[in-house]
Every structure is written in structure tokens, then in C-alpha cells.
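Order of the sequence lines fixes the chain letters, A, B, ..., with proteins taken first and strands second; residue numbering starts at 1 for each chain.
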Amino acid sequence: MIQITLPDKTVKTFPKGITGQEIAGSISEGLARNVLSVNVNGEVWDLNRPINNDAEIKLNTWDDKDGRATMWHSSAHLMAAAIEELYPGTKFGIGPDVENGFYYDIDLGDRSISSNDFEKIEQKMLEIARRKEKFFRTELPKHEALDFYSKKGDEYKVDLINDLEDGTISFYRSGHFTDLCRGPHLVDTGPIKAVKLLNTAGAYWRGDESRKQLTRVYGISFPKQKMLKEYLEMLEEAKKRDHSKIGRELELFAFSNSVGQGLPLWLPKGAELRENLEIFLKKVQRKAGYLPVISPHIGNKNLYIMSGHYDKYGKDSFKPISTPSEGEEFFLKPMNCPHHCEIYKNKQYSYKDLPVRFAEFGTVYRYEQSGELHGLTRVRGFTQDDAHIFCRPDQVKEEFIAVIDIVLLIFKALDFSDYSVQISLRDPRSMEKYIGTDENWDKAEQAIIEATEEKGLKADIVKGEAAFYGPKLDFMVKDALGRKWQLGTIQVDYNLPDRFELEYIGSDNQKHRPVMIHRAPFGSMERFVAVMIEHCAGNFPLWLTPDQAIILPISEKYEKYAKKVLTLLNNYEIRTLIDERNEKTGKKIRDAETRKIPFMLIVGEKEEAQGTISVRKHGSGDLGTHTIEEFVQMVEQEIHRLIPEI
RNA sequence: GCCGAUGUAGCUCAGUUGGUCAGAGCAGCUGAUUUGUAAUCAGCUGGCCGGGGGUUCGAAUCCCUCCAUCGGCUCCA
């Protein structure tokens with residue numbers, strides 16, 4: 001007999017060799033029906049795999065991430081089975097579950113498949129699923145496994161097996177389809193009740209551009225048809241938040257073929273929005289001791305040779321700009337740091353002067369591959385809210401905390417709570433590729449970890465993700481479709497101070513090398529605005545939005561009064577418009593709602609007589625009649641809720 | 001850069017197998033209306049159907065090519 005501990009800490013005794021499925025059955029019939037896989041001591045297992053020792057287990061249903069993963073992984077096999085039946089001779093790469101569904105990389109030879117073929121494949125998948133094909137696990141020694149796939153002509157599987165350690169290799173078979181697989185899987189295909197293939201994409205074998213490109217087919221599956229319907233509806237909703245779409249509707253930004261790919265044009269409303277962000281950050285930074293600097297859009301090639309960026313990224317830049325002078329070449333600025341290093345070098349610093357913090361909204365240009373461009377999140381010309389802090393090694397932690405404070409202040413001001421934090425450290429297995437002394441690295445890594453802990457941030461610590469020049473802390477957010485984007489970043493840099501031979505005079509009257517911290521709370525203004533749009537669906541915080549209020553006169557008889565209200569509100573620095581069109585009030589309200597203007601101020605006979613305005617709030621409706629002063633207070637209160645400091 | 005999809009008025013979209021198929025709604029313009037919390041009415045102007053080549057008596061529709069956008073891959077100082 002063995003002791004099985006359930007998540008609620010109750011302990012049950014079962015005969016040795018009991019399976020997850022049987023345990024579920026002993027608890028309830030419903031659980032037996034809905035269970036998809038079982039975690040045994042933290043590892044996901046097949047439900048029919050015997051448990052031979054005492055263990056802590058957790059039964060996974062659709063509501064558990066691991067349960068869904070099992071379902072989707074099995075669905076990937078199911079899709080492969082369907083594709084093999086429909087397109088004999090197809091070779092298979094890898095087919096894992098992902099955050100929202102699964103994919104399989106396949107090689108169709110001379111054929112190709114597109115979304116037109118999806119329905120056929122989906123039907124076949126459901127047909128197989130309904131047969132409740134069992135998943136059988138088998139194991140083979142490595143050489144036999146290699147033999148099996150060599151004979152089958154599946155070079156991708158051979159490639160995968162070659163990379164595996166010697167020993168036994170597990171396979172899963174369901175129906176006619178057998179796949180190299182670690183598992184785990186569903187007991188059978190029965191629970192897969194609804195499937196939807198979503199799209200296809202080219203994917204290089206093993207992510208290597210020099211290797212063959214396979215066809216990746218993405219899909220998702222559900223235990224209930226209704227869930228699929230809800231998921232598709234959710235996708236439709238997400239599309240409505242797409243920043244490109246909202247950017248066009250609210251006239252924030254545009255692209256023009258005549259100007260060039262990936263070069264955004266900020267329209268008046270968008271520019272106003274962006275300026276509001278910049279003004280806000282400038283105020284915050286001034287308070288935090290940053291000094292403004294400004295550097296040009298181009299820099300001499302030698303500057304980037306000095307910084308090392310030319311070697312690493314020169315080929316991915318725009319072509320150099322040459323001048324009539326022999327051999328002289330300039331590059332569009334791909335980043336601001338070399339310029340800021342030169343600014344630092346302009347004067348001698350004492351240890352008492354540090355830290356020095358140079359801030360600049362610096363526009364930079366990078367030649368992103370055309371397939372990479374994406375709305376405002378991925379462009380070729382963008383502005384970083386950049387700053388470089390030059391400090392002593394003993395100040396790193398303190399400075400980190402101060403930067404985190406700024407990032408958190410900004411996120412709060414924008415009502416931004418859905419973000420994750422990642423700390424990137426050295427790869428302990430290949431320490432040689434990092435520049436800087438071990439001592440400094442240890443200190444900096446420790447400083448970052450302590451700083452995040454002190455700020456109460458829950459950070460994922462990822463070893464091996466650090467840049468060669470220093471560890472970093474990144475703030476990531478997801479867009480409407482769940483894609484991850486990096487926004488704010490704080491990076492320690494030992495490289496550039498070395499390359500530029502930056503110095504300060506220490507208390508010992510000797511020259512010392514400062515540490516440099518790169519930081520950009522927004523990352524880039526373009527990307528940040530894009531994410532912001534998707535985050536709030538275009539309903540920006542009141543302090544940020546381009547137009548805060550619009551006055552809607554009932555008829556042209558009240559235009560004079562409307563203008564008087566406008567002047568008053570302008571005096572209070574409330575960004576206000578008047579809708580003077582010859583339209584009915586209902587129409588004006590509708591249009592103002594569509595434009596997502598926070599406040600609509602309706603003025604007619606009554607208001608003119610009383611010297612008041614009728615306030616309507618975007619999304620919530622009529623707030624009744626108020627005096628101008630009351631309204632101003634309302635606006636100020638709303639603004640101070642998010643940014644009390646300013 | 002690579003794979004796949006898409007590309008029709010400023011915007012959102014119809015256009016069946018190539019033959020009155022160049023359309024609709026919104027926006028815009030003109031006029032009427034003087035309007036009270038999500039669309040007043042009428043008339044009118046918008047397009048070389050992404051660009052270029054080809055097939056055909058005839059192409060928005062079929063083929064080739066280029067460009068752009070979207071979804072991925074890869075990359076991301």
C-alpha cells in the first residue's frame with residue numbers, strides 16, 4: 001500500500017500501482033469524467049501510469065494549466081494523425097502545446113496547406129477523436145528508435161532522437177499515428193470535443209534560419225463546443241482593441257508608403273497624447289535628479305566602432321551617410337548611449353558628483369527586417385525615453401530602486417497593473433562570454449535581486465538571459481492578443497564605460513571606472529503607446545487623453561455661451577473642444593462617445609440661463625447639471641486619483 | 001529576409017462560374033431643419049478595383065511579378 005497526498009493535504013491509502021484515473025474515480029464520478037492528467041510530485045503524468053510509491057498528487061482538469069496543456073498536446077498528435085491520413089508522406093517535426101493551444105511543424109514536401117484546408121483537417125480530427133483512440137505509451141532503445149524513423153524517412157525525428165541522451169526513448173501511439181514523445185497524454189482522444197485550426201506559418205526547423213522551413217499549423221481544442229465559440233468571440237473582441245485599428249479611428253498615427261515602411265507619422269491627436277506622456281515623465285525625472293541632454297540624429301561611424309555596436313549591428317543598420325570628405329561616414333543613431341558617454345567625457349567627475357543621470361527622448365533608427373514590422377510596436381524609427389546613469393559600483397542598488405520607483409509611478413499613473421517582471425542574469429555554464437569582473441557582476445546581480453525584493457516585485461529570475469555587458473531587469477506586458485512585449489528596461493553596463501574609458505576621481509585621488517545603467521521606463525514611445533491603446537481600448541486616462549471634454553451646444557443659438565464655457569475651461573487647462581456642427585444632440589453625443597472623449601458638456605437654454613453645464617461621462621452617461629467650478633473639481637479629482645504628485 | 005493569407009472610394013465592406021459589376025453604408029460637400037443625453041431628411045461629389053506585365057474579343061475576377069498590410073518564423077543595441 002502507498003500513501004497518496006492530495007492538494008488539500010488529505011492522505012489516502014491505495015494499493016501500489018494505482019493510477020491517477022482510478023484515484024479520480026475513487027473521489028467522484030464527475031472528477032473521473034473530467035480529469036485530464038495527474039501531477040505526481042510536481043511532474044505531469046499520464047492518467048493510466050501506475051503510481052508505485054508514496055506521492056503528492058494533483059488531478060488536473062480543464063481548469064488547471066497542466067490539464068489544458070495535456071489536452072492540447074494530445075490535440076497536436078490528433079492533428080498530426082489527421083494530417084497523416086489526409087496527406088500521406090507528410091514528415092513531422094515537433095508538435096507541442098503552447099499558451100493558447102498547440103501547433104505542429106510539418107513538412108508537406110511539394111504540397112502546401114492553407115486555411116482553406118482547415119475544415120477538412122478539423123473534420124478528420126473530430127472523426128478520430130470520436131473514436132476515442134487510446135494513447136499507448138511504448139519505449140524503445142535509442143538505436144531502435146533511430147532505425148524506425150530512418151526507415152520511415154522522417155529526418156526530423158532522426159535529428160531529434162540524435163540529440164537525446166542514450167537510453168530508452170518513449171513513443172505514443174493512438175490509432176495509426178505513432179509519435180516520438182515524452183508525454184504525457186490523455187487516456188484517449190475522447191475529451192477533445194471541439195477543435196479549431198487557427199493559422200499557418202513558416203517556421204525554420206529548430207529555429208535556425210539556415211535550415212529548412214517547415215509549415216507550422218496552429219490550433220486550439222476544447223472539451224466543449226461552447227468553449228470554442230466563446231474563445232472565438234474573445235478573439236473577435238481582442239481584434240477590436242488592435243492598436244492599429246484604434247490608432248486610425250482616433251486619428252493618432254498613420255503610415256504612408258511614400259514615407260516608408262515602419263516609419264510612423266504621429267497625427268495631431270497622437271502627438272498630443274505622446275507629448276502628455278513626455279511632459280509627465282520629464283517632470284518625474286527632474287524631481288528624481290535627471291539632467292536633460294540632447295544629441296543629434298546621426299553619429300560618426302567611429303563612435304559606433306568605439307562602442308562596439310558597429311561590429312555587432314552595423315549590418316542591420318541603415319546604409320551609412322557619406323560626406324564629400326574622404327572616408328567619413330555617419331550612421332543614423334541606433335541608440336543614444338554612445339552620445340551620452342561622450343557627454344559624460346566632456347567633464348571630469350569626482351566620486352562626490354555621482355551619480356550623474358542624463359535623460360533624453362532620443363529618436364533612433366534601426367533597419368528591422370520587413371517581416372518584423374508590426375504596427376507601432378515594431379518600427380524602424382522610434383523614440384526612446386532613454387537615460388543613462390553613471391554611478392559608483394556601490395550605488396547600483398540604490399539607483400536601481402530609484403528607477404523601479406519611476407517605473408511603478410508611471411504604471412500607476414496609467415492604471416497599468418497587468419505586467420510581469422524579469423531579471424536576467426549570467427549563464428553560470430558559460431561565464432567566459434561576459435565582460436566585467438566577477439566581483440562587479442555578483443554585486444550588480446545581487447543589487448537587482450535585492451532591489452526588486454525591497455520593492456515587493458515578483459520577478460522571474462532567468463539565468464543566461466543577461467546581455468554580455470551586464471544583468472538587467474525588464475518589465476513585460478501582454479497585448480490584446482496575449483503577445484508579450486518588453487516595455488521598461490533597466491540594464492547594468494560594464495562594457496561601455498570601459499570602451500569609452502569613462503572615469504571619476506575617487507576619494508583615494510585615483511581614477512576609477514563608473515558603472516553605467518541604461519534605463520527606459522516606457523521602452524519606446526511608439527511601443528508604449530501601442531500597448532497603452534490595447535490595454536485601455538483607446539479609453540485613455542483623463543490626464544493623458546488628447547481631448548478631455550467636448551462642449552455640445554443644443555443648437556447654434558447657444559454657441560456664444562458654449563464659447564464662453566470653452567474659454568473658462570481653457571483657463572483651467574482642461575483640453576476642450578466644441579461640436580458646432582448643425583446636428584441633433586443625439587448625434588453629437590453618439591460621435592463624441594465614438595471618439596472616446598471622456599466628458600460631454602451639453603449646453604442649451606437651461607444651462608445658459610443658470611450659467612451651468614450638463615455633464616455626461618463617456619461610457620457611463622448623464623451626470624446631471626453642474627457649475628463650471630464643480631466640473632473642474634471633478635476633472636482634477638479624477639486626474640489626481642492617478643497622479644497625485646504632479 | 002522566409003512561409004501563409006489579404007489588398008475594391010477617407011473608413012467598413014458587397015461584387016456569383018471573366019461579359020451594364022464598378023456598388024452600399026458611414027465620412028465629406030450642398031441645402032432644408034434649430035434640434036435635450038448614442039445616428040434628422042434630401043441631393044451631390046468620391047475609385048485606373050495596391051503597382052506593373054501577361055492570357056482573352058473582353059479582366060476587379062485567370063496567370064506572372066513587384067509593393068504593402070496581417071498572422072507566424074528568425075532577430076531585437
Regarding the side chain of Ile554(A), the nearest nucleotide among rC70(B), rA77(B), rG36(B) is rG36(B)
| said: Just to be sure I understand the rule, does Ala203(A) reach a base, reach only the sugar-phosphate, or reach nothing, if contact means heavy atoms closer than 4.0 Å? | reply: sugar-phosphate
Among rU37(B), rC73(B), rA77(B), the one nearest any side-chain atom of Ile602(A) is rU37(B)
* Asked: When the C1' atoms of rA38(B) and rC49(B) are considered, how many whole Å apart are they?
  -> 34 Å
Regarding the side chain of Ile589(A), the nearest nucleotide among rU69(B), rA38(B), rU40(B) is rA38(B)
Please tell me if Arg206(A) has a side-chain N or O lying less than 4.0 Å from either OP1 or OP2 of rC73(B).
no
Which of rA38(B), rA77(B), rC73(B) is nearest the side chain of His309(A)? It is rA77(B)
Closest to the side chain of Arg616(A), out of rU74(B), rA38(B), rC11(B), is rA38(B)
Does either side chain, that of Lys333(A) or that of Ser295(A), offer a donor lying less than 3.5 Å from an acceptor on the other one?
yes
Here the distance between atom C1' of rA77(B) and atom CD of Gln491(A), to the nearest Å, is 8 Å
**Asked** Does Arg216(A) count as lying over the ring of Tyr104(A), i.e. NZ or CZ under 6.0 Å from the six-ring centre, within 45 degrees of the axis?
**Response** no
### Query
Which value, in whole Å, describes the distance between the P atoms of nucleotides rC41(B) and rA22(B)?
30 Å
Between Arg590(A) and Thr585(A), whichever has its closest RNA chain B nucleotide further toward 5' is Thr585(A)
Would you say His518(A) and Asp386(A) are linked by a side-chain donor-acceptor pair, where the criterion is simply a distance under 3.5 Å? no
Any strand, both distances under 3.5 Å, Watson-Crick or G-U wobble: rU74(B) pairs with none
Trace of the side chain to side chain contact (heavy atoms under 4.5 Å, CB included) decision for His340(A) with Cys337(A): CA-CA 5 Å; His340(A) 291 185; Cys337(A) 16; 5.5 Å; no
In whole angstroms, the gap separating C1' of rG10(B) from CD of Glu249(A) amounts to 13 Å
Rounded to whole Å, NZ of Lys196(A) lies from P of rG71(B) at a distance of 18 Å
To the nearest angstrom, the CD-P distance between Glu556(A) and rU34(B) comes to 10 Å
Separation of rA32(B) atom C1' from Lys584(A) atom NZ, nearest Å, is 13 Å
In numerical order, the residues of residues 367-390 of chain A whose heavy atoms come under 4.0 Å of RNA chain B are Gln369(A), Ser370(A), Gly371(A), Glu372(A), Leu373(A), His374(A), Gly375(A), Arg378(A)
Query raised in the report: Step by step, would you call Leu376(A) with Phe255(A) a side chain to side chain contact (heavy atoms under 4.5 Å, CB included)?
Result: CA-CA 9 Å; Leu376(A) 265 194; Phe255(A) 289 89; 4.1 Å; yes
Which is true for Tyr103(A) with a 4.0 Å heavy-atom rule: it touches a base, it touches only sugar-phosphate, or it touches nothing? nothing
The nucleotide from rU37(B), rC11(B), rU34(B) with an atom nearest the side chain of Ser614(A) is rU37(B)
Whichever of Asn199(A) and Val615(A) has the more 5' nearest nucleotide on RNA chain B, that residue is Val615(A)
Just to be sure I understand the rule, does Phe255(A) reach a base, reach only the sugar-phosphate, or reach nothing, if contact means heavy atoms closer than 4.0 Å? nothing
- Item | C1'-based separation of rG51(B) from rC11(B) [nearest Å] | 22 Å
* Between Arg426(A) and Pro471(A), is there a donor-acceptor pair closer than 3.5 Å when you use the side chain of the first and the backbone of the second? -> no
note: Leu214(A), atom CG; rC2(B), atom C1'; distance rounded to Å ~ 12 Å
Would you classify Glu605(A) as touching base, sugar-phosphate or nothing, given that sugar-phosphate means primed atoms plus P, OP1 and OP2, and contacts are heavy atoms under 4.0 Å?
-> base
To the nearest angstrom, the CG-P distance between Asp579(A) and rU37(B) comes to 16 Å
### Message
Counting the atoms with a prime plus P, OP1 and OP2 as sugar-phosphate, which does Lys557(A) contact under 4.0 Å by heavy atoms, base, sugar-phosphate, or nothing?
### Response
sugar-phosphate
Against the side chain of Ala201(A), the closest entry in rG71(B), rC26(B), rA77(B) is rG71(B)
Q. Is the side chain of Lys484(A) donor-acceptor paired with the backbone N or O of Met476(A) at a distance under 3.5 Å, no angle test?
A. no
Name the nucleic acid region contacted by Gly604(A), choosing base, sugar-phosphate or nothing; use a 4.0 angstrom heavy-atom cut-off, strictly under.
base
Mate of rG58(B) across any strand shown (Watson-Crick or G-U wobble, both atom pairs under 3.5 Å) is none
**Message:** Just to be sure I understand the rule, does Glu607(A) reach a base, reach only the sugar-phosphate, or reach nothing, if contact means heavy atoms closer than 4.0 Å?
**Reply:** base
By the Watson-Crick or G-U definition, both distances under 3.5 Å, rC44(B) is matched with rG28(B)
Taken to the nearest whole Å, CD/Gln213(A) to C1'/rG4(B) is 9 Å
Assigned chi class of rG28(B) under the 90° convention is anti
May I ask you to say what Arg216(A) touches in the nucleic acid, namely base, sugar-phosphate or nothing, with a heavy-atom cut-off under 4.0 Å? sugar-phosphate
| query | On a whole-Å scale, what distance lies between the P atoms belonging to rU45(B) and rG23(B)? | reply | 12 Å
*Check: Glu607(A) side chain, Thr612(A) main-chain N or O, donor-acceptor pair, under 3.5 Å*: no
**Prompt:** Under 4.0 angstrom, heavy atoms only, what part of the nucleic acid is Asp622(A) near: base, sugar-phosphate, or nothing?
**Reply:** base
I'd like the P distance from rG53(B) over to rU12(B), given in whole Å. 28 Å
Practice prompt. Pick the P atom in rG36(B) and in rC44(B), then give their distance to the nearest Å.
Written response: 29 Å
query = Are any side-chain N or O atoms of Arg519(A) and backbone N or O atoms of Asp385(A), one a donor and one an acceptor, separated by less than 3.5 Å?
reply = yes
For this session: Select base, sugar-phosphate, or nothing to describe what Lys588(A) touches, counting heavy atoms under 4.0 Å on all strands.
Result: nothing
Q.
When the C1' atoms of rU37(B) and rG31(B) are compared, how many Å lie between them, rounded to an integer?
A. 27 Å
For rC13(B), the nucleotide meeting Watson-Crick or G-U wobble distances (both under 3.5 Å) is rG23(B)
Across every strand shown, the nucleotide meeting Watson-Crick or G-U wobble geometry with rG7(B) (both distances under 3.5 Å) is rC67(B)
Practice item. Take Leu108(A) and Leu214(A) through the test side chain to side chain contact (heavy atoms under 4.5 Å, CB included) and record every step on the way to the result. Key: CA-CA 8 Å; Leu108(A) 288 149; Leu214(A) 308 183; over 6 Å; no
Query - P gap between rC57(B) and rU6(B), integer Å - result: 29 Å
Run the side chain to side chain contact (heavy atoms under 4.5 Å, CB included) test on Thr545(A) and Gln548(A) for me, step by step, so that the C-alpha distance in whole Å, both residues' side-chain angles and the decisive distance to 0.1 Å come before the verdict.
CA-CA 6 Å; Thr545(A) 201; Gln548(A) 295 171 314; 3.9 Å; yes
